[in-house]
Amino acid sequence: MAAMSVYPMCIRASHGLLRLRKGVRCLDPSVMDFIRAQSTDPSKSDSNAVGGLAQAILQERLQQQQRSQDQLSKGEGDPNQRQEKSKENKQKENTSYAKKITLRIAGLVGLGGAVGVVYIFGSNSVDDQGSKIPDEFDNDVPVVQQLKRTWKYFQDYRQMIIEPTSPKLLPDPLREPYYQPPYTLVLELTDVLLHPEWSLATGWRFKKRPGIDYLFQQLAPLYEIVIFTAETGMTAYPLIDSIDPQGFVMYRLFRDATRYMEGHHVKDVSCLNRDTSKVIVVDCKREAFSLQPFNGMALRKWDGNSEDRTLYDLAAFLKTIAISGVEDVRTVLENYAHEDDPIEAFKRRQAQLAQEEEQRQSELAQQKKQGFSLGSIAGRWFRSKPQ
């Protein structure tokens, strides 16, 4: 009975092994030999052998899958992948090499440029005959001389940008028999008198604001007209010539005369060599006169509108100040310091004053009329009284 029970079990195990052969042909040869031995000798197989065989087959499959994944991750399984990875590695190496060469060339160029700057700006100044002009660095070592002169040059250049070129930007006021206007008017050029426009066909062009000629003609006898602009002299000089052919502008100041503060070109009224109580600055930026806020008027930027009348109204405003003989213009301009449009505020106040004056004249006329009526009644009464 025991032999009969074992024999069918071996037959079932052998059939199972035959079915497993089809799925494990790619396995290791030792495993295949073991499977064949178990299938041809049923007397040596039992249930433990079948279980061990199944476990060995599973382990071999897992190991094979792991090897396949490792090969794929390393690019060893596919020649195309190996070739692509090799190309990527070569490209990375070439890029890294190019970066190194570029950095080295940039370093050499920078070093050469630094040496050239020190040599050019660190040399002694020369006179008209080509002789060297001695300075305070002559007693130092030659290399130290070059470095100190270069440093001083750039310090002076920085100072020239930040500070005005002179503590007296204008010459002394004219004396008799020459006529010196009692007030000084400082005008910005860009967006106050001119508007820059750019087009593909013409490039940059400057449009002349309506009323410039009228402004100059009306104010020339009363104000010393100065164009003080944040533009460079190369740009602004021909523009001033074009808008002032008759020469009403007495002086011209450019960007190098401004004080550079917090990213703005500031016009320092104290450097104009004029009485600050008689100076009026007209600009479209409040930062332009931030050091003396009550010496300036901030107009709205002109956008190029040909119907603009601002300069005509400005001429009336400034003419009123001059004719009134104001001792300190800051007392007047202070009232317009916080107005978005001081010219419009001036027009409103002028209209209000005119209305009040008209009302006052009307009241005076009415009072005179009432006085005349009472006088006529009293005269009639006295004439009618018997003697």
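Count residues from 1 along the sequence.
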Is there a chain of hydrophobic side chains (I, L, V, M, F, W, Y, each step under 4.5 Å between heavy atoms) that links [X] to [Y]?
{"X": "Leu169", "Y": "Ile225", "answer": "no"}
{"X": "Leu219", "Y": "Val279", "answer": "no"}
{"X": "Val269", "Y": "Leu185", "answer": "no"}
{"X": "Tyr336", "Y": "Leu311", "answer": "yes"}
{"X": "Leu193", "Y": "Tyr312", "answer": "no"}

Do [X] and [Y] have side chains that approach each other closer than 4.5 Å (heavy atoms only, starting at C-beta)?
{"X": "Arg349", "Y": "Asn335", "answer": "yes"}
{"X": "Trp302", "Y": "Cys284", "answer": "no"}
{"X": "Arg330", "Y": "Thr276", "answer": "yes"}
{"X": "Phe248", "Y": "Asp213", "answer": "no"}
{"X": "Asp244", "Y": "Ile227", "answer": "no"}
{"X": "Phe254", "Y": "Ile240", "answer": "yes"}

Going by an N to O cut-off under 4.0 Å, is there a salt bridge joining [X] and [Y]?
{"X": "Glu344", "Y": "Arg300", "value": "no"}
{"X": "Arg360", "Y": "Glu363", "value": "no"}
{"X": "Arg348", "Y": "Asp341", "value": "no"}
{"X": "Glu188", "Y": "Lys285", "value": "no"}

Of Val186, Leu215, Ile280, which is the lone residue that meets side chain to side chain contact (heavy atoms under 4.5 Å, CB included) with Tyr223?
-> Ile280
Spacing of [atom1] belonging to [X] relative to [atom2] belonging to [Y], to within rounding of 0.5 Å:
{"X": "Leu314", "Y": "Ile343", "atom1": "CG", "atom2": "CD1", "answer": "4.5 Å"}
{"X": "Met234", "Y": "Arg255", "atom1": "CE", "atom2": "CZ", "answer": "11.5 Å"}
{"X": "Leu189", "Y": "Leu194", "atom1": "CG", "atom2": "CG", "answer": "4.5 Å"}

Side chain to side chain contact (heavy atoms under 4.5 Å, CB included) assessment of Thr229 paired with Leu239 | CA-CA 11 Å; Thr229 178; Leu239 296 175; over 6 Å; no
List the atom pairs, donor and acceptor, that lie under 3.5 Å between side-chain atoms in residues 315-326 and the rest of the protein, sequence neighbours left out.
{"from": "Lys319", "atom 1": "NZ", "to": "Gln218", "atom 2": "OE1", "distance (Å)": "2.7"}
{"from": "Thr320", "atom 1": "OG1", "to": "Ala316", "atom 2": "O", "distance (Å)": "2.7"}
{"from": "Ser324", "atom 1": "OG", "to": "Thr320", "atom 2": "O", "distance (Å)": "2.6"}

Any donor-acceptor N or O pair under 3.5 Å, side chains [X], [Y]:
{"X": "Asp268", "Y": "Gln292", "value": "yes"}
{"X": "Gln355", "Y": "Gln359", "value": "no"}
{"X": "Ser306", "Y": "Lys207", "value": "yes"}

Does the ring center of His195 lie less than 6.0 Å from the ring center of Phe206?
-> no
Centre of Phe137's six-membered ring, under 6.0 Å away, within 45 degrees of the axis: is that where NZ or CZ of Lys148 sits?
-> no
Here the side chain to side chain donor-acceptor pair (under 3.5 Å) pairs for residues 94-114, sequence neighbours left out, are none
In the hydrophobic clustering that connects Ile, Leu, Val, Met, Phe, Trp and Tyr at side-chain heavy-atom distances below 4.5 Å, which members other than Val141 occupy its cluster, ordered by chain and number?
-> Val144
